[in-house]
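Throughout, a chain's letter reflects where its sequence line sits, starting with A, and its residues are numbered from 1.
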Amino acid sequence: MSNTNPLLDVTGLTKHFPVMGGFPFKRKIGAVQAVDGLDFQVAEGESLGLVGESGCGKSTTGRLITRLLEPTGGSIKYRGQDITHAGRKQLAPVRSEIQMIFQDPYASLNPRQTVGKIISGPMEINGINPPGGHEKRVRELLETVGLNPEHYNRFPHEFSGGQRQRIGVARALALEPKLIVADEPVSALDVSIQAQVVNLLQELQRDLGIAFVFIAHDLAIVRHFSERVAVMYLGKIVEIADREDLYDNPRHPYTRALLSAVPEATADEVPSRERILLTGDVPSPLNPPSGCRFRTRCWKATEKCATEAPPLVQVEGNREGHLTACHYPEVKETVPAPRLSKDPGVTA
Amino acid sequence: MTPPTPSAAAPLEVTDESVEKSLSPSTTKGSESRSPGRLAWKRFKRDRTGVISAYIVIFFFVIAIAAPLIAKLYGKNPYTTYASQRPELLDAFSYPSGPNGGMSSEFWFGIEPQLGRDVFTFLLYGIRTSLGIAVAATLLTTVVGVVVGVTAGYLGGKTDYLVGRIIDILLSFPSTLFFIAFMPVVYGLFVAPDENIPTSLRAISLILVLSAFGWASIARLLRGQVLGLREREYIEAAKVTGASPKRIVFKELLPNLWTPIIIQSTLMLPAYVTAEAGLAFLGVGIIDPTPDWGVMIQRGAQFYTEDLTFMLFPGLSMVIFVLAFNLLGDSVRDALDPKSKR
Ligand SMILES: Nc1ncnc2c1ncn2[C@@H]1O[C@H](COP(=O)(O)OP(=O)(O)O)[C@@H](O)[C@H]1O
Ligand code: SF4
Ligand SMILES: [Mg+2]
C-alpha cells in the first residue's frame, strides 16, 4: 500500500432518509437529506474531526462509514476496497478494522452482559483466539483503558458514565482496529470526566497508530484531538482544513461563528474573539435552502448564494488542503466585525 | 482573532482519576458480580406479599404434581363412587348424610352429593388437570408470542405490518364468546359428532384454542419492545463487530426481553386457569367424570343451596390460587422492573 493511498476515501457520500406518509397507502412523500455529497479522506493514523451543530448529519456520516447504514449515493473506499454496498459477509474482513465508539455510554453497553462478555464478544464473533484466552485479553484491554482488570465480571450498571465509555473503548480495541469512528464520545459525560476520556483516546491514537474520525458538536474538543477538521452544516462539509489553518484562518462564515463560541484557551490571551451569535434556526434537512445551505443564517448572503451552491474548493488565500465552500470567504484579520447578529456580551 | 494554542488539552484539566474510580461500586467485594437477575431476586425476597404468594403457588403446584402419590397414601381415588358400595354415606335425597358435607377422618373434604365420590382426591386431580392445561397453554402462548413478536419487531417493514394487522384482528375478537362457539367446532374437526370426545383431545384442543387467541397480546408487547431495543447503540455495536442476526436476537435482544416475558406469562397463567374453569363450567371444556376445577365448580353450583361444603372447596381453593398467583405476578414485576412500581 503506497503512502498516497488514504486509509478511508469517501466521495460524494449521500444519505437520504425517505419520509413516508399519505393515506390510505403509505408512500414516499419526501426525503431527509441527512448527508448530501461528502468528500473527505482519512490517512493512516490520522485523526479527522467532524464538527457541526446537532442534526447536521454527523452521526449519519459515522454510521455510513461503519456501514450501519446503507448509503444512497457516493462511495466509501477502505484501503482502496469499495465497501459502499458490501453485505455482512463481504464486510467481514473489514469489519474488525473499522470500529465505533458511541455517544451514549448508557445505551451502548448491553445491560445484561458482563464487561467480560461485552469486550470478548467481538473476538468471539470474528473467531479471534488471543494467546492466553479471551479472559486474559479482556484484562489487558481493561488495563489499557484505565479500568481495574478485576472488574471483568461486573455489569455495566455498576460503573459510572466515564468508566462505561472506557468499556466501550475497550470493546472497540478488542479487534485491533485501524480506524475508529468516535461519535461524540464525551458529550454525554460530565465535563470533569471528558478530558480523561479524550486523553485516553489521544494516547491510543498515538501509541497504537489508530486513525480516528472524531465527531463533536463544537470545536473545543476537536482542537485538542484532531490534526484535520471538517465542519459540517446541513449534510454538507462547508470547510475542511488542517487544525492550525482552520483555527487561525477560518474562511467560511459558519466556521467563524462556531469558532467564536469556543472558550479561549487561557484567560490572559489578549482580545477575546467577538462572539458571533447565529440567528434563526437550522433549516429542515427535509427541505434545505437552495444554493448555499447556510444562506438563511449568513450575514453576507447575496443573490448568488441563493442560486449557486458554492463548491468545496481551495479558495484564494487558503493553504494546500484547506477547502472552503463559500462565494465570499472571510478574510483573515477583518477589522470590521460581521455586520449582522454579533453579540460580544454573550459568553454562555 | 486569536490563534489557538496548539498545546493539547490545555483547558481540559485532568481531574483526579481516583475520584472517578472511587465512584465505582466499592460495596461489592472482589469480583462478585451483581447481575440484574440477582438484584431482582434480592428485591423479590424483601417483598413479603410476594414471598408468601410464592409459597402458596408452589404448594398448589406440588400437590398437583404429587396428586397420584397423595391419593395413594390417602387410599382413595377420584373416580370411585364410594356411595354405591356404602349407601349409608348419602341420605335419602342423595346428599351426604354426615354433617359438613360428610367431612370425616375418612373423607377429609367430604363426599360428593349424588355420586358419592371423594371430594379430596377429586379436588387434587382437578387442580392437576386445570394447572396442567393452564401451564401448557401459557408455555405455548409465550413461545408463539415471543417468536412472532421478536420476528416482527426485528424484521420490521412488511412483515411487521402484516403481523400487526393480524394481532389487531385477534385482539378485537370477543374471545370468551368465541371460545364457547368455537370449541365444539374444534372437536368436530377431530371426531364425528356422535362419537365420544376423548379427554386428551379436549385438553389439547383447549390448549390450542387458548393459545391461538392468547399469543397476540404478548406478541404485540414484545414487538414494541424489540422496536425500541433494535435502535439501541449496543445492538449497533454488535453489528459493527459483525454479529449475525441470529446472534443479535439470541445474545443481545432476548436477554433484555426476559423481564416482559416473565411478567406477561405470570399474569397469563391465572387468567388461563379461570378461563379453563369457565369453559368447563359452560360445558365446552373438560367434562365430568374427568376431575377438573371447573367441572367441580359446575357440579357444586347444582347443589350449593343444600350442600355448600362441596362448592366451598373448589371455589375457595381457586380463589386462593388465582389471587396468590396474581399477587406473585405483581411482585415479580416489581422485582424485575422496579421503575414500574405504582
Ligand atoms: N433513521 C433516520 N430516519 C430518518 N431521519 C433520520 C434518521 N437518522 C437521522 N435522521 C435525520 O438526519 C438528520 C441528521 O441526523 P444525525 O446524523 O443524527 O445528526 P447529528 O449526529 O449531526 O446530530 C437529522 O435531521 C435527523 O432527524
Ligand atoms: S456562500 Fe454566501 S451564504 Fe453561503 S456562506 Fe458564503 S456568503 Fe454566506
Ligand atoms: Mg449525533
Okay, A/Ile101 and chain B: the region with an atom under 4.5 Å from a heavy atom over there is neither

For residues 245-254 of chain B against chain A, heavy atoms under 4.5 Å, the residues are B/Pro245, B/Arg247, B/Lys251, B/Glu252

Q) Is a salt bridge present between A/Glu135 and A/Arg139, judged by a nitrogen-to-oxygen distance below 4.0 Å? A) yes

For residues 140-161 of chain B against chain A, heavy atoms under 4.5 Å, the residues are none

Cut-off 4.5 Å, heavy atoms of chain B, and the answer for A/Ala107 is both

Ion pair A/Lys117/A/Glu124, N-O distance below 4.0 Å: no

Test side-chain contact (heavy atoms from CB on, under 4.5 Å), reference A/Pro185, set A/Leu200, A/Leu201, A/Ile180, A/Val198, output is A/Leu201

- In terms of the angle between their ring planes, are B/Phe173 and B/Phe178 parallel, tilted or perpendicular, with boundaries placed at 30° and 60°? perpendicular

**Prompt:** Are B/Asp168 and B/Arg220 close enough for a salt bridge, meaning some N to O gap below 4.0 Å?
**Reply:** yes

*asked:* Do A/Arg63 and A/Met100 make a side-chain contact, defined as non-hydrogen atoms from C-beta onward lying under 4.5 Å apart?
replied: yes

For residues 222-235 of chain B against chain A, heavy atoms under 4.5 Å, the residues are B/Arg232, B/Glu233, B/Tyr234

Ranking A/Ile125, A/Asn110, A/Asn126 by heavy-atom pairs under 4.5 Å to chain B gives rank one to A/Asn110

Review point. Side chains of B/Asp337 and B/Thr259: donor-acceptor distance under 3.5 Å anywhere?
Key: no

Rounded to the nearest 0.5 Å, the CG atom of A/Leu109 sits from the OG1 atom of A/Thr114 at a distance of 11.0 Å

Taking a cut-off of under 4.5 angstrom between non-hydrogen atoms, the residues of residues 168-177 of chain A near chain B are A/Arg171, A/Leu175

> Less than 4.0 Å between a side-chain N and a carboxylate O, is that true for A/Arg243 and A/Glu227?
Replying inline: no

One option among A/Arg88, A/Arg67, A/His157 has the most heavy-atom pairs under 4.5 Å with chain B, and it is A/Arg88

key: A/Phe159 side chain reached by A/Arg166 side chain, heavy atoms, under 4.5 Å   = no

